Structures are given as C-alpha cells and as structure tokens.
Amino acid sequence: MVLKEYGYHTSHMGKWHLSGGVAPNPFVSPYFRPGWDDWAGWENSNRPWETDYTDGDEPRKVKRLEGYQTDALTDLTVEWIKKQPANRPWFHVMSIEPPHPPNTAPDKYMQMYKDKPLKLRPNVPQNHPRFAKYEQDLRAYYAQIANLDDNVGKIIAALEEKGQLDQTIIFYFSDHGDLMGSHGMTGKSRPEEESSNVPLMIRYPKRVPQGKVSSAYISGVDLMPTLLGMIGAPIPSGVDGQDLSRTVLGNSEAGAEWVLLQYEHTHYPNTDSSVTHDQAFRSILHDGWNYTFFWKDRNIQLFNMNEDPYQLRNLAGNVNFEDKQKQLQDMLVRKLNELNDDFFDRNAALI
C-alpha cells in the first residue's frame with residue numbers, strides 16, 4: 001500500500017498465507033490483500049504440482065498453475081515483467097512454496113541428488129532412527145533449491161532483456177527454514193538456527209556492494225522500512241521494524257542491536273513432525289548470543305553463537321554464564337514489555 005501511494009505499480013503472485021487460513025484455499029478475499037494492482041495467488045496450498053489459484057475477486061473462478069509451481073510462477077512473473085512500461089516504477093512479489101514439504105521437484109532435479117554424497121550438519125544425530133528419512137528429505141530439498149536457482153536465472157534474464165536489471169532492487173529471502181534432522185527434529189517454528197536463520201540476498205549493483213557477506217542482525221520486520229529507506233520513501237509511523245538501508249548500502253557495519261524470535265501456537269493440531277508444536281517460546285539474539293525461554297516446560301536455552309554455531313552446548317544453568325543468562329533474560333523481558341507482549345505476565349512465576 002505504501003509503495004502504491006508512492007507511485008509504484010504493485011503486483012503479487014503466489015502464496016499469501018496472511019489471512020489466518022490453514023486449509024488449502026485458492027482464493028484470498030480482497031479484504032485481506034488491499035493495495036495490489038495485479039494479483040494472482042492463493043491463501044495456502046503446500047501443493048507444489050498443479051497449484052490452484054485465483055486472480056480476481058471471484059472465488060469460483062479458479063485457475064491452475066500447470067506443472068511444477070516454481071516453474072509456472074516464474075513463467076507468469078517473466079511474462080508480467082516483459083509487459084511493464086519502461087517509464088513506470090513497479091514492485092513485484094513472487095511468493096513460492098518450494099522448498100517445502102512434501103519435498104518434491106521435477107525429475108531432472110531429483111535425479112541430480114539421487115545418489116550424490118551428502119554432508120549433513122554436525123548436529124544431526126547419525127544414530128537417530130529417522131536418519132535415512134533425513135537424508136532422503138535433504139536430497140529432495142536440494143533438488144527444489146536447484147530448480148529455484150534456475151528459475152531465478154530466468155527472471156534475471158528477463159530483467160536484462162528489458163534493460164532493467166541494474167535499475168531493479170532484488171530481495172531474495174525465505175519465511176522460515178527447516179531443521180532437516182538437526183537436533184533430531186524436523187520442520188520449523190523453533191529458535192534453532194536451521195529453522196530461524198533464513199537466507200537474505202539483496203542485489204542492486206548501483207548502490208549495494210557486490211559480493212559482500214554481512215553478519216549484521218536483520219529480521220523480517222526490518223525488510224519493509226529498509227526497502228523504503230533504500231528508495232527514499234517515507235516510513236509510516238507505527239512500523240515496528242528498523243530502516244537498515246545504511247547497512248545494506250555499505251554505509252554502516254551495524255545492523256539491528258537485537259532480534260526477537262517468537263512462536264505462540266500452531267493451527268495444525270495433527271502433525272507427524274518431530275517438533276513439539278505446542279511449545280510457545282520467546283527468544284532474543286544479541287551480541288552473538290541466543291537466549292530462549294520455552295513456555296510449556298520452562299526450559300531455557302543459552303548459546304554462544306560465535307563459538308558454538310551448531311548449538312551443541314546449552315549453557316543455561318552453567319554457573320560460569322549466570323551473568324550473561326541474566327543479562328539476556330532481562331533484555332528479553334524489557335523488549336517484550338516495550339511491545340506489549342504479555343508472554344511473561346501470564347504467569348509471574350516463570351521468571
């Protein structure tokens with residue numbers, strides 16, 4: 001909506017999943033998606049083949065993405081880019097579901113990883129009874145990523161053909177990761193790195209330093225104000241995130257001082273995931289440390305991410321790190337109070 005008001009023609013293609021729906025639904029009411037000039041999407045699917053969607057205000061006019069979802073959405077995006085007038089600024093979102101369970105990709109890509117040797121992360125227990133399943137899923141996960149890489153290349157080529165590649169800001173990111181066997185768990189909704197630390201790549205050769213890898217903190221709520229900062233657009237009052245455009249543009253090494261992670265509950269009561277989905281938590285990352293408090297079991301996790309990136313040594317309760325644990329706990333409580341989050345207030349005995 002902000003970009004539309006700032007003069008951009010706006011477009012969304014793909015999964016929405018912001019309307020509170022959990023069952024597969026090819027229609028999203030315009031009430032829940034205001035501000036888009038062009039729209040082709042669905043609420044939720046997790047159906048990477050023959051995905052149903054709608055592109056208007058009529059829920060009964062369902063269309064279908066033929067074949068594999070990533071391929072078909074890329075084709076729609078390329079077609080859309082080629083139709084855009086050269087003198088009109090635009091903002092386009094392509095929201096795909098893969099890589100995601102059920103972990104499948106076109107056969108060409110599945111064959112690429114069928115017998116390829118894999119190196120699993122050190123925190124994947126090799127004696128776990130589901131180890132073979134972890135390997136199988138990881139092969140398919142890589143196949144989905146390889147397919148996605150090729151499709152990103154098609155979009156880049158379309159922008160280059162239009163002469164807009166170097167004038168286009170590209171954000172590439174994911175909404176969550178997947179534990180893929182790390183710590184003996186699968187799925188998402190956890191504070192561990194494999195679930196919560198997602199890729200973020202930004203391309204804008206005119207202003208963003210090429211090839212630079214930053215370890216600065218940034219989270220999902222920062223993406224909107226950061227993009228607005230990059231184009232000089234006003235940031236609405238009430239936005240929770242920070243404008244980190246100076247960091248992105250190479251004018252500052254500092255990112256966000258802290259990042260808050262949170263999980264409350266799931267809409268899916270029946271799941272075969274090995275993650276315990278009823279464990280609400282709050283977690284804070286600060287100065288290379290990760291502190292998490294779980295609601296259900298009152299468990300605490302404390303990791304020194306600089307020395308233990310695979311989170312193999314939980315330092316919570318260790319007498320040598322009592323001060324650090326207290327510092328991060330106090331910071332988490334303070335930040336939650338600033339956000340009017342009553343996570344700890346629900347039961348004062350938690351802390």
Side-chain angles (χ1 to χ4, degrees), residues 46 48 68-71 96-153 156 171-203 210-220 259 261 263 271-277 283 285 288-290 292 301-315:
N46 293 336
Y68 191 60
Q69 182 188 117
T70 310
D71 295 335
I96 61 173
E97 292 176 311
H100 193 283
N103 295 321
T104 178
D107 187 64
K108 166 188 172 182
Y109 297 95
M110 297 292 282
Q111 292 298 322
M112 289 169 57
Y113 291 93
K114 180 179 179 181
D115 300 311
K116 191 170 184 176
L118 296 180
K119 183 178 180 180
L120 278 72
R121 294 168 71 84
N123 56 19
V124 178
Q126 296 196 13
N127 60 350
H128 195 280
R130 300 187 68 194
F131 184 81
K133 180 71 164 74
Y134 297 159
E135 280 196 316
Q136 176 185 344
D137 285 345
L138 190 59
R139 292 182 189 281
Y141 200 78
Y142 285 157
Q144 295 172 90
I145 293 172
N147 170 268
L148 175 57
D149 286 347
D150 284 350
N151 278 295
V152 169
I156 296 293
F171 274 63
Y172 176 107
F173 59 94
S174 176
D175 60 341
H176 63 81
D178 196 304
L179 285 151
M180 283 287 167
S182 289
H183 310 287
M185 296 184 288
T186 58
K188 56 182 180 179
S189 308
R190 292 283 302 188
E192 285 81 11
E193 284 284 280
E194 294 79 12
S195 173
S196 62
N197 190 358
V198 300
L200 171 61
M201 289 180 276
I202 302 175
R203 185 188 190 277
Q210 298 187 48
K212 181 173 181 179
V213 178
S214 173
S215 58
Y217 287 140
I218 186 170
S219 67
V259 166
L261 306 177
Y263 177 72
T271 175
D272 60 0
S273 171
S274 57
V275 172
T276 304
H277 278 295
S283 181
L285 287 81
W289 289 81
N290 183 332
T292 303
Q301 289 184 171
L302 178 66
F303 295 106
N304 183 334
M305 300 303 301
N306 294 325
E307 297 182 3
D308 183 21
Y310 295 104
Q311 297 171 296
L312 294 170
R313 292 180 59 228
N314 184 5
L315 301 175

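Bear in mind the structure is a predicted one, so any value in this text is a computation, not a measurement.
One N or O on the side chain of Arg139 and one on the backbone of Lys116 form a donor-acceptor pair closer than 3.5 Å. Side-chain atoms of Asn304 do not come within 3.5 Å of backbone N or O of Trp289 as any donor-acceptor pair. The closest donor-acceptor contact from the side chain of Asn147 to the backbone of Ala105 lies at 3.5 Å or more, if one exists at all. Although no hydrogens or angles enter the test, the distance criterion places no donor-acceptor pair under 3.5 Å between the side chain of Asn103 and the main chain of Pro99. Distance alone, capped at 3.5 Å, is enough to place a donor-acceptor pair between the Gln69 side chain and the Glu97 backbone. Listed for the Ser174 side chain is no donor-acceptor partner under 3.5 Å among the backbone atoms of Pro199. Panel note: side chain Tyr141, backbone Pro101; no donor-acceptor pair is recorded below 3.5 Å. Panel note: side chain Glu193, backbone Gln311; no donor-acceptor pair is recorded below 3.5 Å. Checking side-chain atoms of Tyr134 against main-chain N and O of Ser182 turns up no donor-acceptor pair under 3.5 Å.
Side-chain contact between Leu302 and Asn290: absent, with no pair of heavy atoms (C-beta onward) separated by less than 4.5 Å. Between Thr186 and Arg130, some side-chain heavy-atom pair lies under the 4.5 Å cut-off. Side-chain contact between Leu200 and Tyr172: absent, with no pair of heavy atoms (C-beta onward) separated by less than 4.5 Å.
The OH atom of Tyr68 lies 7.5 Å from the CD1 atom of Ile96; values are rounded to the nearest 0.5 Å. Remark: Gln136 CD to Leu118 CG distance equals 11.5 Å, nearest 0.5 Å. Of the inter-residue distances, the one linking Glu192 atom CD with Thr292 atom OG1 reads 7.0 Å to the nearest 0.5 angstrom. Atoms CG and CD, from Asp178 and Glu194 in turn, are 9.5 Å apart once rounded to the nearest 0.5 Å. Summarising the geometry, atom CG belonging to Leu138 is positioned 8.0 Å from atom CD1 belonging to Ile145; distances are rounded to the nearest 0.5 Å. Atom OG1 of Thr70 and atom CG of Asp150 lie 11.0 Å apart (nearest 0.5 Å).
Atom OH of Tyr113 has more than 12 heavy atoms from other residues, nucleotides or ligands within 6.0 Å. The 12-atom threshold is exceeded at NZ of Lys212, counting heavy atoms of other residues, nucleotides or ligands nearer than 6.0 Å. Heavy atoms from other residues, nucleotides or ligands lying under 6.0 Å from CZ of Arg203 number more than 12.
When all heavy atoms of Phe303 and Arg313 are compared, the closest pair comes out as CD2-O, 3.2 Å. Considering all non-hydrogen atoms of both residues, Thr104 and Pro48 come closest at CG2-CG, 3.5 Å. For the residue pair Tyr217 and Gly288, the shortest heavy atom distance occurs at OH-N, 3.0 Å.
Checked against ring pair (Phe, Tyr, Trp, His ring centres under 6.0 Å), His183 has no partners two or more places apart in sequence or in another chain.
Using cut-offs of 30° and 60° on the angle between ring planes, the pair His100 and His176 is perpendicular.
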